[in-house]
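Just below is one structure, and these are the notes that go with it.
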Amino acid sequence: MRVIVESDSETVARSAAVFVAALVRKKPTCVLGLATGGTPLGLYRELIRLHREEGLDFSRVTSFNLDEYVGLPPTHPQSYRYFMKSNFFDHINIDQRNTHVPDGRAEDFEEHAEEYERRIKEEGGIDLQVLGIGSDGHIAFNEPGSSLGSRTRLKTLTSETVRDNARFFDKPEEVPRLALTMGVGTILESRRCLLLACGKHKAEAIRATIEGPVTAQITASALQLHRDVVAVVDEEAATNLWRRDYYREVEQAQQALQSGKFKFLGQ
Ligand code: PGA
């Protein structure tokens with residue numbers, strides 16, 4: 001796993017946007033996997049800026065979101081469809097018919113989940129999946145104990161997640177207890193994963209994800225099995241990482257190699 005430690009959430013957002021923008025430029029028909037929550041907001045702001053100021057073109061991009069609350073209509077301000085529309089889609093030139101968010105009001109959730117998986121395959125799979133992480137180590141809504149081979153399905157949220165997400169609702173009892181979510185297995189099939197984390201409250205989950213054992217109790221740790229994961233975290237989220245200095249050295253060596261300034265032995 002490549003680990004990039006940035007000073008704060010602003011630099012995390014800019015650094016993450018570089019990866020997304022490079023893909024959109026290289027492959028204008030790419031398939032993006034997108035996430036909601038507080039963490040990717042800065043990334044979306046930066047991508048909107050790149051669209052406005054540098055003409056970053058999303059017109060042929062397709063997107064699939066990780067998850068959606070069960071029971072909320074797409075017009076509900078706390079639904080993830082609404083979140084994506086108001087924080088990202090409405091401000092870029094993506095064709096909104098090519099944006100996919102699971103339907104939290106589907107009549108048959110099992111059938112809808114299967115259809116969602118089918119649609120991802122039909123589009124050729126996800127090129128880059130943006131991920132936040134829960135304080136309980138979840139990716140998407142794959143709560144502790146989720147199968148590491150899981151596919152899109154219904155999931156019951158833990159009380160920790162309900163508490164974490166209550167800040168977006170007027171009253172804690174309004175937070176939905178169920179969500180439709182891509183599975184860990186679905187996420188692992190993406191060609192690249194971009195894991196973002198900011199703040200001290202993510203430090204333990206990030207340590208367990210990057211340096212702990214692979215376990216279904218921290219579903220993000222399954223990313224260790226993926227061949228191309230970039231984790232971009234801020235100093236606070238990196239607090240508990242034992243190998244911080246090494247990750248920095250790797251980035252410095254990488255930059256030196258790219259700029260032709262790497263000193264080979266004997267030179
Ligand atoms: P956050 O949520 O970005 O709002 O911290 C992350 C998550 O629960 O996956």
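First listed ligand is number 1; within each ligand, the first listed atom is number 1. Hydrogens, waters and symmetry mates play no part in the numbers below; they use all other heavy atoms, side chains included. For reference, positions follow the sequence shown, starting with 1.
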When the ring planes of His100 and Tyr116 are compared, do they come out parallel, tilted or perpendicular, using 30° and 60° as the limits? perpendicular
By side chain to side chain contact (heavy atoms under 4.5 Å, CB included), which residues pair with Asp228, not counting sequence neighbours?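 Partners of Asp228 under the side chain to side chain contact (heavy atoms under 4.5 Å, CB included) test: Arg192, His226, Val230.
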State the CD1-CG distance between Ile139 and Leu188, to the nearest 0.5 angstrom.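 Answer for the CD1-CG pair, Ile139 versus Leu188, is 6.5 Å.
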Neighbouring residues of ligand 1, heavy-atom cut-off under 4.0 Å: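 Heavy-atom contacts below 4.0 Å: Gly37, Gly38, Thr39, Gly132, Ile133, Gly134, His138, Arg167, Lys202.
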When you compare the side chains of Arg60 and Asn93, does any donor N or O come within less than 3.5 Å of an acceptor on the partner? no
Members other than Leu178 in its cluster, when Ile, Leu, Val, Met, Phe, Trp, Tyr link by side-chain heavy atoms under 4.5 Å?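 Val70, Phe109, Leu154, Leu180, all in the cluster of Leu178.
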Suppose we screen for salt bridge (charged side-chain N to carboxylate O under 4.0 Å, His left out). Which residues come up paired with Glu122, at least two apart in sequence or across chains?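 Glu122 satisfies salt bridge (charged side-chain N to carboxylate O under 4.0 Å, His left out) with Arg119 once adjacent residues are dropped.
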